[in-house]
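Values reported hereafter were calculated over all heavy atoms of this structure, with side chains retained and with hydrogens, waters and symmetry mates removed.
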Amino acid sequence: MDDQTRMLTGLTGLGGLAQADVGDPDSVRKQQSLGQPQQDIGDILQQIMAITDESLDEAQARKHALNCHRMKPALFSVLCEIKEKTVLSIRGVQEEDPPDPQIMRLDNMLLAEGVSGPEKGGGSAAAAAAAAAAGGSPTDSSIEHSDYRAKLAQIRQIYHSELEKYEQACSEFTNHVMNLLREQSRTRPISPKEIERMVAIIHRKFSSIQMQLKQSTCEAVMILRSRFLDARRKRRNFNKQATEVLNEYFYSHLSNPYPSEEAKEELAKKCGITVSQVSNWFGNKRIRYKKNIGKFQEEANLYAVKTAVDAANVSAQASQANSPATPNSGGYPAPCYTPDGRL
DNA sequence: CTGAATGATTGGCG
DNA sequence: CGCCAATCATTCAG
């Protein structure tokens, strides 16, 4: 009903329009000089209205006749114009908003993470090789790193294949709609501009899918990062030798177990860990020692003896009578030799 | 599987 | 900023 009334109003208004400033005044004038355009339009209208009552064959024949009608082009352009002015102007208000900031943010992030953008297979391989070559000891982090990269590559691959699928689907659908509209435009007033707009609408709809894809990819990358780059999750115990070195220092400096920056660097180098790891270790050790000295008795005695033995060994020849000097004078309680482990 | 050990992180303090 | 204390998250031994 809506369509019919709209068509009616469109067509009844045609008389005025045709005489005023319709797309092709020449043809209109020709029509007028040839006969009675009003009559023609009335006929067309009648035919259009009757179409639904006809059989398919009749309709096809009628359609063909209508398509061949000399008035058809003029009428078509007029209808397009009317449609342009009424329906499309409403929808045309929401003009092309510049690329969604959200999607731009996601794009930037994906680019930064190396998910989108150019394939850097050679680069990463070279980096891995360099890392492998650089560390005489396998540093462990290079392994984790390559693992991380492998997972990232996986995400990247999924992302790209999904994006490809998405793009294919989008263009397929767009083509389909365009073909359909072009087909329809032979019988329905559809201007190229309208098709263009339809395409834009489709793209906008599809871009929300794209955004979702990018969003979930970003999330996956974030999860991966937190999995691998949060050291807390990938904690490795220091090797035995390292803890030995640290404990030796700790118990031989029990009165003041606060290594200077230089001492920390020295220890870090000796243990193959970072300075901040040394700081962490001492922080943990101090608090845990203080909290339960009894528990650390054994260890304390062990290292006390160890350092004593070492000292003795070093200065064995120098003097036999040297008593093991325990450098203890405050701060933390000295490890007394209490068998029951209580103080 | 469970609990202890342990490296790392966080928030507060001086 | 460095340290302490509490806490988290993982590893490891039983």
Side-chain angles (χ1 to χ4, degrees), chain A residues 109 112-113 127-128 131-132 134-155 216 218-307 309-310 326-343:
Chain A
M109 186 177 155
E113 294 296 337
S137 55
T139 343
D140 219 14
S141 74
S142 69
I143 294 165
E144 285 166 32
H145 226 77
S146 73
D147 207 4
Y148 170 76
R149 267 206 304 274
K151 287 276 203 291
L152 191 65
Q154 208 176 323
I155 290 175
S216 57
C218 274
E219 270 166 32
V221 171
M222 288 321 261
I223 290 167
L224 184 69
R225 278 183 82 88
S226 71
R227 264 275 139 60
F228 277 82
L229 271 43
D230 184 356
R232 204 155 49 166
R233 292 177 187 276
K234 208 62 181 175
R235 177 177 72 77
R236 297 259 68 158
N237 290 358
F238 299 152
N239 63 42
K240 209 145 178 93
Q241 186 252 335
T243 51
E244 216 153 287
V245 169
L246 293 166
N247 272 317
E248 254 170 58
Y249 188 99
F250 180 78
Y251 286 111
S252 63
H253 297 75
L254 206 51
S255 60
N256 185 34
Y258 296 88
S260 65
E261 201 56 33
E262 295 88 62
K264 278 183 194 172
E265 277 170 33
E266 180 76 25
L267 286 166
K269 196 182 283 184
K270 246 198 258 184
C271 300
I273 58 178
T274 68
V275 173
S276 61
Q277 280 179 307
V278 173
S279 298
N280 284 338
W281 190 90
F282 273 88
N284 283 323
K285 191 72 182 181
R286 280 191 299 264
I287 192 69
R288 283 163 184 164
Y289 179 81
K290 197 177 81 176
K291 236 178 181 171
N292 191 352
I293 294 168
K295 204 173 73 182
F296 287 90
Q297 273 307 300
E298 215 176 314
E299 194 178 69
N301 293 337
L302 191 105
Y303 282 100
V305 170
K306 197 194 254 296
T307 51
V309 168
D310 282 356
T326 24
N328 239 350
S329 62
Y332 283 77
C336 316
Y337 292 78
T338 44
D340 61 340
R342 295 180 62 225
L343 286 176

Visitor: Using whole Å, what does the distance between atom P of nucleotide C:dA5 and atom OH of A:Y289 come to?
Guide: 15 Å

Visitor: Does the side chain of A:K290 get closer than 4.0 angstrom to OP1 or OP2 of C:dA5 through an N or O atom?
Guide: yes

Visitor: What is the distance, rounded to the nearest whole Å, between atom CG of A:N292 and atom P of C:dC4?
Guide: 17 Å

Visitor: May I ask you to check whether A:R235 and A:N237 show a side-chain donor-acceptor distance below 3.5 Å?
Guide: yes

Visitor: Write down the distance between CG (A:N280) and C1' (B:dG7), rounded to a whole number of angstrom.
Guide: 7 Å

Visitor: Are A:W281 and A:L267 close enough that some pair of their side-chain heavy atoms sits under 4.5 Å apart?
Guide: no

Visitor: Hey, which sits more toward the 5' end of DNA chain C by its nearest nucleotide, A:K264 or A:K291?
Guide: A:K264

Visitor: Taking for each residue the nucleotide of DNA chain C bearing the nearest heavy atom, is the 5' side occupied by A:N284 or by A:E261?
Guide: A:E261

Visitor: Take the protein atom OH of A:Y258 and the nucleotide atom C1' of B:dG14, then report the distance between them rounded to whole Å.
Guide: 13 Å

Visitor: Salt-bridged, A:K285 to A:E299, with N to O below 4.0 Å?
Guide: yes

Visitor: Pick out the pairs of N or O atoms, protein on one side and nucleotides 3-6 of chain B on the other, that lie under 3.5 Å.
Guide:
| residue | atom | partner | partner atom | Å |
| --- | --- | --- | --- | --- |
| B:dA5 | OP2 | A:K295 | NZ | 3.4 |
| B:dT6 | O2 | A:R235 | NE | 3.3 |
| B:dT6 | O2 | A:R235 | NH2 | 3.1 |

Visitor: OP1, OP2 of C:dC4 versus side-chain N and O of A:R286: anything below 4.0 Å?
Guide: yes

Visitor: Taking the six-membered ring for Trp, are A:Y303 and A:F250 closer than 6.0 Å centroid to centroid?
Guide: no

Visitor: Could you tell me how far apart A:I287 (CD1) and C:dT7 (C1') are, to the nearest whole angstrom?
Guide: 12 Å

Visitor: May I have the step-by-step check of side-chain contact (heavy atoms from CB on, under 4.5 Å) for A:K270 and A:L246, ending in yes or no?
Guide: CA-CA 9 Å; A:K270 246 198 258 184; A:L246 293 166; over 6 Å; no

Visitor: Is any side-chain heavy atom of A:H253 closer than 4.5 Å to a side-chain heavy atom of A:P259?
Guide: no

Visitor: Could you point out which residue of A:K290, A:K295, A:R288 forms a side-chain contact (heavy atoms from CB on, under 4.5 Å) with A:N292?
Guide: A:K295

Visitor: Report the distance from atom CD of A:E265 to atom P of C:dG2, rounded to the nearest whole Å.
Guide: 12 Å

Visitor: In whole angstrom, give the distance that lies between atom CD of A:Q277 and atom P of C:dT10.
Guide: 17 Å

